[in-house]
Each structure stands twice: as structure tokens, then as C-alpha cells.
Amino acid sequence: MKSRKVPIALVTLLTVAALGYQNRVSSQNAPPCASPARPNSSINQTALDSCSCEQADGSDKPSYRVGASAFGRTRVASAGNKPRRSVEVVEDEDMYGGIKMPSQADLHSPEVRGLKEKVLSVRKARRQAVELAWQNLQRDHKFDPENYVVNQRLRSKQFLASYQRFLDLQNGDQWLTWSRFDWRERGLDVGPVLNQGTCESCWAFASMSVYQSSWKLEQLRLGYEFFDELYGHVDYMYQRIPSVQELLNCMSKEEGDCDGGWHGSAFAFMVKSHVPHIPDRLVWNKGVQKSIEEYTGRKSRCTDILRMTNVKRGGQALVLLDGPDARPRLPKNSDRIGTAFDRALTWGYVNEKKPEEIPTVDQLKRALIEHGPLVAPLHGDSCFSVYRGGIFNGRHSGEPTHVVVLVGWDDEKKAWLVKNSWGEAWGENGYAWVAYGSNNIGRYAAWIQPSPSTEEP
């Protein structure tokens with residue numbers, strides 16, 4: 001049985017065969033709506049023509065806008081894929097219907113059970129620490145109302161907002177009753193909109209975006225933002241920068257490359273091996289910023305020295321990467337600081353028993369609140385590729401050909417808010433509203449849980 005790979009195919013021109021038991025999706029089938037091709041048509045015009053044909057054949061009235069500048073790309077791969085050598089993949093307990101599944105042996109191991117308990121115990125301890133700090137602040141104010149430092153803290157909008165966000169996270173179930181939700185509005189940094197270019201690497205971009213968002217969410221739940229606002233830049237305010245390029249480089253070619261991949265395989269890699277990191281040389285040279293990745297859009301030689309290292313889950317304390325004293329804390333030439341020997345704890349599909357079935361809206365909402373942003377596959381068609389705004393309501397029932405990040409919902413729109421990896425020129429500044437169930441969005445949706453640190457910084 002072979003593991004699945006999903007390409008970011010030229011969705012404006014191509015559709016895919018059913019995934020079944022193949023290790024990657026082929027993009028050589030004819031489009032479902034064969035509109036006549038105009039001579040010398042641009043890629044954008046061909047996509048728009050194909051979309052118009054699809055809309056004419058559809059029963060639902062489009063509730064979205066389309067336009068040029070598909071993907072924000074400069075070129076697009078050709079329809080014909082080069083022949084691929086067949087790869088024998090040993091069937092094991094981690095496979096189900098041709099897709100990668102979380103290892104049950106690992107999920108129920110003493111190490112994972114112990115670390116899960118640690119996550120909960122550390123959250124509880126940090127809740128108590130935040131409440132104690134808040135009570136002390138109130139007490140000091142009552143004892144000495146002229147205390148300038150205390151008054152400045154209590155009047156600081158950022159400090160009060162960080163405290164309120166921390167309280168809200170302790171009772172996240174309340175959000176399930178909300179008609180509208182967006183993680184960005186709850187104080188979570190979900191990262192910038194990036195552009196995968198011509199490499200069919202949406203699976204890598206979505207996987208890394210979801211991991212980083214989940215890691216940052218864990219820091220919010222542990223009160224790091226609150227303490228940073230209370231005391232200023234302190235030793236436990238950190239920035240993690242996992243690397244899409246290193247994930248692309250260091251996973252095997254059969255698991256993922258620029259012809260496609262599978263987010264479950266990426267998550268399994270981060271659980272079994274490590275979370276590939278940004279090399280220190282980039283942190284030193286460029287600082288922590290959007291351009292630090294040095295994404296090339298092609299699979300290259302793996303230079304990550306952690307690929308040969310047995311990374312222990314939570315085996316190293318967090319490492320300071322930003323703040324006024326960041327530079328002295330980065331050992332030169334270590335090339336290991338970027339994610340501090342990260343190794344994810346667990347991962348899973350939202351519909352864990354039957355991941356091939358689309359989770360209900362309630363299931364996706366609950367997973368989004370519990371775990372943070374989710375990897376959300378969908379069937380990418382011509383209209384989705386040239387989406388420019390509104391509520392995308394395509395009704396193709398094909399297998400996943402693209403992967404996005406689900407970050408929120410709006411019940412009035414009856415749609416999910418998703419972040420794409422086709423640059424800010426696509427959609428609504430790189431985001432889209434996708435109607436519930438549209439193009440099978442959410443099928444094989446998945447989450448990942450970062451490891452807690454077993455060492456205090």
C-alpha cells in the first residue's frame with residue numbers, strides 16, 4: 001500500500017483521478033468542463049474561460065468574484081507530468097486506505113501519555129501564575145495607588161488585552177456559540193501569506209503554517225504574552241520559525257516534493273523525526289522577519305544536521321530569538337537554534353475514525369478551537385484558482401488537489417475563512433471565504449500538537 005501525495009496541480013486546466021491506493025495524484029486527466037481553447041490564450045484567460053464553463057454547467061449561482069492574476073505566479077507547470085518510478089512502500093499499521101495515519105503505538109506510548117499530562121499540568125500551573133500576578137498587581141495598586149509602574153501596567157491597553165485573551169483561552173468552548181470566529185482576532189499570529197510559486201508544495205506550506213500557529217497558541221495558553229507585557233522582554237518570550245524549504249528538502253522524495261505531497265506525511269515526519277528549522281545563518285544575517293525563509297520553490301539537498309539526530313520530544317528548553325539581547329544568545333555556527341530541537345507531540349485527522357469523510361461543521365469548529373488552525377484539503381478547480389473575493393461556493397465533489405489553512409468561520413456567510421499559499425495577489429489578500437462543504441473542503445482535515453518543553457528556560 002502506498003502513501004498518498006497530493007499535487008498542487010494546474011487547477012485552472014487540470015483535474016485529478018480518484019486517489020484510491022496510489023502514492024500521488026496524477027494531473028493528466030481532461031478537465032470536467034471542456035471549454036474550447038482560444039489560440040494564444042494566456043494562462044489566466046484559459047482559467048477564466050474554464051471557470052465560466054464550469055459556472056454555466058453548475059446548478060448553484062456563483063457567490064464569488066473571479067479575475068486575472070491567478071495564484072500570483074509567474075509561470076505554471078505543464079499538463080504532462082514526467083514519468084515517475086514506482087516506489088514500494090511497506091504496508092504497516094500507520095496506513096489506512098492509502099493515506100498516512102497517526103501511529104497508534106506511539107499515541108498510546110508512556111512517553112506520549114506522560115507528555116500529554118505534562119501539557120495539561122503546565123497549563124494549569126501557568127493559569128495559577130497569571131492569576132497570582134494579576135491579584136498582586138491589584139493589591140499593590142490598592143496599597144499604593146500612586147505607584148507609577150503599577151498604574152502604567154493597569155492602564156496599558158496591550159497589557160489588559162493580553163490578560164483578557166488569556167482568560168478567553170481558558171474557556172474557549174464559549175466561542176463555539178459564536179456566529180463568527182477568526183483566530184487572528186483572538187490574538188493569534190497565523191503567519192504571513194506566502195507564495196509557493198510553481199512548486200506543488202501547498203502540503204508543506206499548510207503543514208508548517210499549522211504547526212507554527214499551534215506552537216504560538218500554546219504559548220498564549222501558557223501566559224507568555226501576559227508576562228511579556230507585564231515585565232517587558234523576558235527570557236521566556238520566544239519565536240519559532242519552522243522551515244518549509246527544509247521540510248521539502250529533508251522528507252523523502254516519495255513522501256513529498258514539488259510534484260505533490262500529503263500533510264499527514266509531513267506531520268508524521270515532525271512527530272517521528274523533528275521539525276525542520278530555519279538555519280541560524282539566516283537568523284543571524286536577516287533577523288526574524290518574513291524574508292528569512294529563503295524558499296527556492298524546488299527540492300534540494302537536505303542540509304539540516306538534525307536529520308541524523310535523535311531529537312527527544314521537548315528535550316531542550318526554549319531558545320530566545322528576539323528581544324534586545326537576542327544576538328548574544330545565538331551561538332555562532334550551531335545551526336540548531338531555529339526551532340530548538342523541536343519534535344511535535346502528536347497529530348491527527350479531525351474525523352479520526354473515517355478521515356475520508358468530511359467532518360461536520362461542528363466537528364471542524366471544535367477542532368479549530370481545541371487545536372488552533374487546521375490543515376484543510378479541498379478540490380481545487382479552475383474557479384478556485386481565479387477566485388478574487390466573495391464566498392466561493394463551487395460544488396465539485398472530486399478528491400483533494402489543494403491544501404489550505406482553516407482559521408475561522410462565519411455562520412451568516414455559511415463559510416470557512418482560509419489562508420492560501422498563492423501570494424497576497426490571489427483572493428482577498430491571500431485569504432478566501434469557502435462555503436461549508438464547497439469542493440469537499442475539510443476532507444482529511446488535520447491538526448498537530450507541539451511538544452511541551454521538559455526543561456524550564
Side-chain angles (χ1 to χ4, degrees), residues 1-5 23 87-123 203-204 206-208 210-215 217-218 221 240 242 246-247 250-252 254-256 261-277 302 304 306-316 318 339-356 359 363 366-367 370-375 377 403 444-455:
M1 189 178 298
K2 296 180 179 180
S3 61
R4 175 175 297 164
K5 295 182 72 175
N23 72 322
V87 179
E88 292 299 324
V89 179
V90 178
E91 182 176 350
D92 59 29
E93 63 176 295
D94 299 343
M95 301 296 293
Y96 170 80
I99 66 168
K100 192 73 177 178
M101 295 290 287
S103 169
Q104 294 301 309
D106 185 58
L107 286 173
H108 299 292
S109 67
E111 178 189 28
V112 171
R113 289 202 306 267
L115 286 173
K116 283 182 176 179
E117 292 175 359
K118 180 178 177 61
V119 169
L120 297 177
S121 65
V122 171
R123 286 180 186 176
W203 58 275
S207 299
M208 279 309 198
V210 166
Y211 174 82
Q212 189 171 28
S213 294
S214 298
W215 188 88
L217 176 58
E218 192 65 31
R221 284 177 168 150
R240 293 292 173 93
E246 286 299 316
L247 180 71
C250 297
M251 286 182 62
S252 71
E254 289 70 41
E255 290 177 315
W262 189 249
H263 55 290
S265 297
F267 282 171
F269 179 88
M270 288 188 266
V271 167
K272 289 186 177 181
S273 180
H274 70 289
V275 179
H277 62 287
C302 177
D304 184 355
L306 288 183
R307 71 188 187 281
M308 303 300 294
T309 304
N310 183 18
V311 179
K312 180 181 178 182
R313 286 188 178 103
Q316 176 155 322
L318 310 180
T339 51
F341 299 91
D342 270 0
R343 182 179 166 196
L345 180 55
T346 61
W347 71 280
Y349 294 105
V350 174
N351 197 340
E352 58 180 339
K353 294 183 178 179
K354 294 184 177 181
E356 77 282 4
Q363 283 178 311
R366 288 185 178 278
E370 180 179 354
H371 300 289
L374 307 171
V375 174
V403 183
Y444 304 106
W447 52 268
I448 192 167
Q449 170 65 44
S451 288
S453 174
T454 56
E455 299 178 4

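We count residues from 1, following the sequence as given.
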query = Going through the distances and angles, do His263 and Val210 end up as a side chain to side chain contact (heavy atoms under 4.5 Å, CB included)?
reply = CA-CA 10 Å; His263 55 290; Val210 166; over 6 Å; no
ask   = Do Trp203 and Leu247 come within less than 4.5 Å of each other through their side chains, counting heavy atoms only?
value = yes
key: pair Ser207-Phe269: side-chain heavy atoms closer than 4.5 Å   = no
key: Which atom of Val275 lies closest to which atom of Pro242, heavy atoms considered   = CG1-CB, 3.8 Å
query = Taking atom CD1 of Ile448 and atom CD of Gln212, what is their separation to the nearest 0.5 Å?
reply = 12.5 Å
Side chains of Ser214 and Trp447 in contact at under 4.5 Å (non-hydrogen atoms) = no
query = If you look at every heavy atom in Ala206 and Val375, which pair is closest and at what distance?
reply = O-CG2, 3.8 Å
ask   = Quick one: CH2 on Trp347 to CD on Gln449, what's the gap to the nearest 0.5 Å?
value = 14.5 Å
query = Counting distance only, does the side-chain N/O of Ser121 pair as donor-acceptor with the main-chain N or O of Lys118 below 3.5 Å?
reply = yes
inquiry  = To the nearest 0.5 Å, what is the distance between CE on Met270 and OG on Ser265?
reply    = 10.5 Å
inquiry  = Quick test of your reading of the model: are Glu255 and Lys100 salt-bridged, counting only N-O distances below 4.0 Å?
reply    = no
query = Mind checking whether Leu345 and Val271 have side chains closer than 4.5 Å, heavy atoms only?
reply = no
ask   = Measuring from Ile99:CD1 to Glu356:CD, what's the distance to the nearest 0.5 Å?
value = 7.0 Å
note = To the nearest 0.5 Å, atom OH of Tyr211 lies from atom CG of Asp342 at 3.5 Å
Side chain proximity check, Met208 to Pro276, heavy atoms < 4.5 angstrom = yes
query = Are any side-chain N or O atoms of Arg313 and backbone N or O atoms of Ser451, one a donor and one an acceptor, separated by less than 3.5 Å?
reply = no
message = Given 3.5 Å as the limit, does a donor-acceptor pair link the side chain of Ser109 with the main chain of Asp106, or not?
response = yes
inquiry  = Any non-hydrogen side-chain atom of Pro102 less than 4.5 Å from a side-chain atom of Glu352?
reply    = no
message = Tell me if the CZ atom of Arg123 is crowded by more than 12 foreign heavy atoms within 6.0 Å.
response = yes
ask   = Below 4.5 Å, heavy atoms only, C-beta onward: do Leu374 and Val350 meet side chain to side chain?
value = yes
inquiry  = Can you tell me how the ring of Tyr349 sits relative to the ring of Tyr444, calling it parallel under 30°, perpendicular over 60° and tilted otherwise?
reply    = perpendicular
Side chain to side chain, Ser273 and Arg343, heavy atoms closer than 4.5 Å = no
